[in-house]
**Q** 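I'd like to ask some things about the structure below.
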Amino acid sequence: MPALTEVILELRKVHPPTAELLDHTLEHIPVHGRIEWAARCLEIANSGWHAFESANAFILSSPIILASYDFETLIARGDYGLQFCGYSFEPGFTYYCALGNLVVADVDGAKWNMLPEVEAAGRTILGKFQHASNLLTDFFEIAFAMLLRENESEIRAWCALAAKIAHRERQDLIVFLGSRHESICWQEMEKLERVSPNSFLFYLSVYEVLEAKFGLDLMADLQPLILGFADDEDALQEFLLLLPGIQTISRNESRSVFSLIPEIGHVDLVTSFVSHCHELPLGDLPVIQQWIAGGVQVASTNIDAGLAFFSLESSTSVELLESLRGQINFADCSRVMQLYTEAMTGKRLRVESTADSDVQYRDMPHTLGASICLPESVSWFASKDENFEFYKVALLHQLGFFEYQTFVEIEFIETTLTEFEDSVLAHGLFNILEAARIDWLLARHFRGIRDAFSAQKSFALDSRQPLPIMRKAQLLELMIRAGLDAGPLPVEVNDRYLADAVSLYAEVLSLDRAEAQLQDTLSVLQRCYVIVSEGDQSQWDGAKTELDDGLAQMLEEELPQPISFHGHMDTRQLAMDLALVDLEDTTEGVPDDSVSMSTALDPADLDIDEIQDGDVQDGLGMLATEIDHQLENVEKLKRENEDENRQLLPAQLSNQVREDQRFRYDEWDFVINDYRRRWCTLYEVRDCPEAPEYVDKTLAEHGDVASRVRKQLTRLKPEMLRKVKGVVDGDDLDLDRAVEAVIDRKTGLTPAENIYTQSLRKDRDVSALFLLDMSASTDDIIADGSEPPPFSVDDDDEDILSHYASRQQDESSRTRIIDIEKQAVILMAEALEQLGDNYSICGFSGYGRERVDYFLCKDFGEAYDHRARGKIGGIKPCRSTRMGPAIRHATRSLVKTESRIRALIIISDGYPQDHDYGQDRNSRDYGVKDTMKALAEARTQNVQTFCLTVDQSGHDYLREMCPDKQYLVIQEVSQLPDELSKVYQSLTG
Amino acid sequence: MTLKSTSNEPAADTSPDAYSLTEAPFYLALGDEVELFLAAYQERLPVLLKGPTGCGKTRFVEYMAHRIYRGEDADDNRRRVGQPLQTVSCHEDLSATDLVGRYLLQGDQTVWQDGPLTRSVKEGAICYLDEIVEARKDSTVLIHSLTDHRRILPVEKLGLILEAHENFLLVISYNPGYQSVLKDLKTSTRQRFVAIDFDYPDPAHEAEIIIHESGIDADTAGELATLGARIRNLRHHGFDEGISTRLLVYAGQLISRGLNPIRACDAAICLAVSDDPEVQRAIGEVVSTIFPRD
């Protein structure tokens, strides 16, 4: 062993400061071990680039270690650290530094005793990744931090995991060492790793994100769930990836979700459940538990059905939930609501779902022109009756605006409100006051609805947030509560606002009388406006000008939360809508069915001049006096608004006319053996491209076929039996006339001969709908055998180009499948016009379940006029064949005709096909089965169906789709018109 | 066909009092229809009553018949008429024979039986043909000669032409609301009558009628009248006639017997006016908007 001085000299060559440090530290080292210790320090300093840093750390830590442990222990630590210094100084440096810190912090030595566990794990990592200095450094940093922080079990678990992960890929170790979150329970993690190392590592990778979303307490709930799902690694990963993205639900709801997961069991089902949990009534656990039990039962026999169930896609799922919640869907009671509206108002207002409305006011009831929109469903109350009552009260509240003149004078109201300096406040006040007046009037005039209004008001009061602190917000909230019959002022009212609050309360309650008029609301509004804004001005004294711009925005935030059954009222939008109604009334060429607003209100009621001359000056005397000086400006602004509106309106009107009507239809999924609820969106397009010349051309070219078809159809006899009395020859005696004849004979008079009755076929009660497949494949040219031979390999480029050019030219003049389809229905239409049957001609195409286009060329009862002809001529092939929704929509149209015989004839060129028609795109089963179901649904509604196809392989699937051989595969496409007329005869003859 | 009497004898002794109009029927005049009718009667101008079902046409004729034949101004000649009003509810099998009369078999004999029109013509009563357009065409043609200056009735089977009694008046009714174009009154018939238009009364008058007919309190009657007005807004949904005052009176009568108003309206109105369950439900909702459940 070299002498101490030699060692120091040697060290000085390596790094003089280190030698100096060693020299100064020697006095703390036992004399007998100084040479060995110094030699170890030299060895460390020599071990690699910058290794003197590690040596420094060891030198500095040595006296600290020796203060608690013996020399041998110190040397052993030095030797251990030396292993890590070869490639980079950092791991060793970290280790030696941490040793010192550990001794200082670990008073009783308990943690020091765990050091071998850490060192063992470190050694394992070194064995696998000896050059991974960063990893090793990280390891020691984390390991010593854990030694200081965690208990023995946790340290042991962590070290064991580190040793295991060391045998895996480097990336896995990076993930492991990257998970420094203090809240992680490593003992639980060790369990998870034992089940599935991959699941464990994946969970670690998303742990931080999950904790940020759910918090520590919920992570504790989540941990056992993950352990339960660990063996299904892919599914668990999908579940874990989903969790951070689930829509915002409250902490309590998250807890409920986690508590419900064990009841579901299967991780895939859980993933479906969690991804849709925001749509569930999580506050009502018993309902959810029953619903889950139903889902588990469904999944026990068919996992796909279970997945659809927990994704709220299957009918079974939605219906079970609705029935458990006592939910009422707008669609289920829309006609009753429509009739109720007509009865109560005598106006043809349209009642529709907010889902169908373009303007979304948070799914709240509102009126748009002649349309009243109600929520798509209501399930806030326990029973169906209560939920229906909400609909009724909400609707009646909207109708109250018509009943008590609000909407008749909406334009004047809007102009008046806009005139206020702070129009946002004026609008807010008006909405509060007018809603209260309407409720009170309704309750006074219709005592049957009084209790229902009280119940809704009470529910609304219970749902209010605590009284806001800010003055304006608090006062407005108090006004709302006064309108909801809240009783005396609440004690929480700020003393400083109490006087104003009392005044406002009294003002609102002054509208609670049978003779309260709109002008009373406006008068009260004036006074309330002064109270609310004056106090506000004093509050903001001196700063007002700076606040002007921001005031509106701030006020909107201060406006109270709306009341669920009151919904939303936008006076500006309403004024616009009613102006639109007015304009529409004077616009020519707008189809009757496009906008029904014209029927909503008597345009005379909207006459602005009349309102100004009569109502403003006389009827609204009190208000008119107060705003007299403003009237001139009102007039001017009104004129400007009108001009502005009239510039906007034609475009708006045009959009409204062109808007396609949207329908949602269920779709049958044979895999889950259930309907997928409201799965497809069908757009009924009436505004189709037109090509009327096509019809003329067809009739000119196929005159012979047209007359043949006509002749065939004229053989159809009237089918409705009618008993005709008083005929000379019949099935039975007409008793009255027979007795009369006997008497005549007895009295010597000439008896009449018409003494029989006969059952005669008098009328045809038939409605037929021709549904044309317009998919892209119908663009194919029909092979007629005259096609020129394809070019040969000997042809040069020029030949090939000319071949294509001539082919292209040919194709434009040759017949496509769609042409034959169109020609067939054109010839049928001409013949049916003579026969007098009610018929409709439609086409369908689309792309995906969200866009099924249903082109209505000629509706039942519509004239077969130039426009209808043009639409049929204008049919063009495009996109896919999703048959189910089109058949369901056609069936719906046929049922509405109420004819005794209803026939649906579908003309297609292939099997049902769409890009998302079932999960397996290569399988045609989904489409075929759904179409089969749609046809079966039609038959149950007394609609006879028949499929005609030009697809020669049609037998394969049509046999399955159409029972009773209600299909025909046409061998020769050109025979379609003839065959179609025969089919029509067989269905309706 | 409804024949209110089958006897040629004066009915005072044999017919129910109601048919002989001994008591004045209640009728609330809504306009000048009473004066108009009286003027027409004085000139013996045939009268056509137009209006929806249950709006009070029949009651009006009864009221007028009583006023003319039993009222203060009625002379002895009119008072002697046993049945001052012969009402015939027309239907599609109603023939001229039914109105004029026919031979009936009696053992081996045939006996002539006057029809209601013939009886009225002979006695000088008012003959009221309700819903005339429902009857067979031969019956509408038959009345032509009674409605112009001739005022005669040919009885073909007897080979007679009867001259109408000086007090005779022909009154017909029809309902333009639901009758189809095919069953519309022919112009040649229509233009022989003085027309009086009827409609449902306004809620205030209707309430008054309901109070009188059913005996219920004014508030409930007012609510029934409101109900009637609201439901009439639905007249295009399968019940083109709207809801008649008669049905409102029925509901009032049921209520006056202690029935819950909602149940009474359900029986007398909801189920009566439509077979469409959704229309029934909608009407039920209107009812429960107006009347409380308990």
Side-chain angles (χ1 to χ4, degrees), chain A residues 332-349 351 385 388-389 391-393 395-397 399-400 403 442-443 445-455 599 723-726 734-737 739-752 754 757 898, chain B residues 1 92-98 102-113 136 138 156-159 219-220 222-223 226-239 242-243 261-262 265 273-274 276-294:
Chain A
D332 300 335
C333 60
S334 61
R335 183 155 178 257
V336 172
M337 292 292 173
Q338 182 66 52
L339 292 168
Y340 180 77
T341 301
E342 284 182 40
M344 292 304 290
T345 62
K347 297 179 168 67
R348 288 189 66 79
L349 299 170
V351 185
D385 286 348
F388 180 80
E389 199 162 82
Y391 264 132
K392 191 172 164 183
V393 170
L395 175 59
L396 198 56
H397 179 80
L399 299 182
E403 177 92 11
L442 287 167
H445 293 162
F446 302 104
R447 63 187 173 107
I449 204 71
R450 230 173 260 169
D451 288 348
F453 263 101
S454 294
T599 53
K723 202 170 187 179
V724 180
K725 290 181 176 179
D734 180 347
L735 211 55
D736 286 348
R737 285 187 171 84
V739 171
E740 198 90 20
V742 171
I743 294 169
D744 284 348
R745 200 183 299 147
K746 277 187 177 292
T747 53
L749 297 172
T750 309
N754 57 337
T757 62
E898 296 183 353
Chain B
M1 182 177 69
E92 60 182 13
D93 283 336
L94 185 96
S95 63
T97 307
D98 295 323
R102 53 161 50 92
Y103 279 108
L104 295 177
L105 289 172
Q106 199 172 71
D108 284 344
Q109 302 294 311
T110 54
V111 181
W112 175 256
Q113 172 76 48
R136 272 169 36 187
D138 58 341
E156 197 183 334
K157 290 191 178 176
L158 293 177
D219 286 346
T220 313
E223 286 172 331
T226 304
L227 177 66
R230 304 280 168 166
I231 297 176
R232 281 177 198 131
N233 290 329
L234 287 179
R235 62 173 71 181
H236 301 296
H237 292 280
F239 52 105
I243 171 183
I262 290 187
C265 292
V273 296
S274 175
D276 182 337
E278 288 184 317
V279 172
Q280 289 177 350
R281 171 97 193 265
I283 294 174
E285 293 303 334
V286 177
V287 170
S288 64
T289 300
I290 292 171
F291 293 105
R293 292 191 188 279
D294 303 317

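So you know, we letter chains A, B, ... as the sequences are listed, proteins then strands, and number each from 1.
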**Q** Residues in salt bridge (charged side-chain N to carboxylate O under 4.0 Å, His left out) with A:E389, at least two apart?
**A** none
**Q** In sequence, state the C-alpha distance, the side-chain angles, and the governing distance for A:R335 and B:D276, and then conclude on side chain to side chain contact (heavy atoms under 4.5 Å, CB included).
**A** CA-CA 11 Å; A:R335 183 155 178 257; B:D276 182 337; 2.8 Å; yes
**Q** Which pairs of donor and acceptor atoms, one on a side chain in residues 339-346 of chain A, lie under 3.5 Å apart (sequence neighbours left out)?
**A**
unit_1 : atom_1 : unit_2 : atom_2 : d
A:Y340 : OH     : B:T289 : OG1    : 2.6
A:T341 : OG1    : A:M337 : O      : 2.7
A:E342 : OE1    : B:H237 : NE2    : 2.8
A:T345 : OG1    : A:T341 : O      : 2.7
A:T345 : OG1    : A:K347 : N      : 3.0
A:T345 : OG1    : A:K347 : O      : 3.4

**Q** Should the pair A:R447-B:D219 be classified as a salt bridge under the 4.0 Å nitrogen-to-oxygen rule?
**A** no
**Q** Do you know which two heavy atoms are closest between A:E740 and B:T97, and how far apart they sit?
**A** OE2-CG2, 3.1 Å
**Q** Check each atom of A:Q338 against the heavy atoms of chain B and say whether the ones under 4.5 Å are side chain, backbone, both or neither.
**A** neither
**Q** Can you tell me which portion of A:L396 sits under 4.5 Å from chain B's heavy atoms? Options are side chain, backbone, both or neither.
**A** side chain
**Q** Using side-chain heavy atoms (C-beta onward) and a distance below 4.5 Å, is B:R102 in contact with A:V739?
**A** no
**Q** Measuring only between side-chain heavy atoms, which start at C-beta, is A:F388 closer than 4.5 Å to B:E285?
**A** yes
**Q** Of the backbone (N, CA, C, O) and the side chain (C-beta and beyond), which part of B:S95 lies under 4.5 Å from a heavy atom of chain A, both, or neither?
**A** neither
**Q** Please flag which part of B:Q109 lies under 4.5 Å from any non-hydrogen atom of chain A: side chain, backbone, both or neither.
**A** neither
**Q** Can you tell me which of A:R450, A:H445, A:E403, A:K746 forms the most heavy-atom pairs within a distance under 4.5 Å of chain B?
**A** A:E403
**Q** So what's closer than 4.5 Å to chain B heavy atoms on A:D744: side chain, backbone, both or neither?
**A** side chain
**Q** Got a second to check how far B:R136's CZ is from A:K725's NZ, nearest 0.5 Å?
**A** 8.5 Å
**Q** Considering only heavy atoms, which portion of B:S288 lies under 4.5 Å from any heavy atom of chain A: side chain, backbone, both, or neither?
**A** both
**Q** To the nearest 0.5 angstrom, please state how far the CG atom of A:L749 sits from the OG1 atom of B:T110.
**A** 9.0 Å
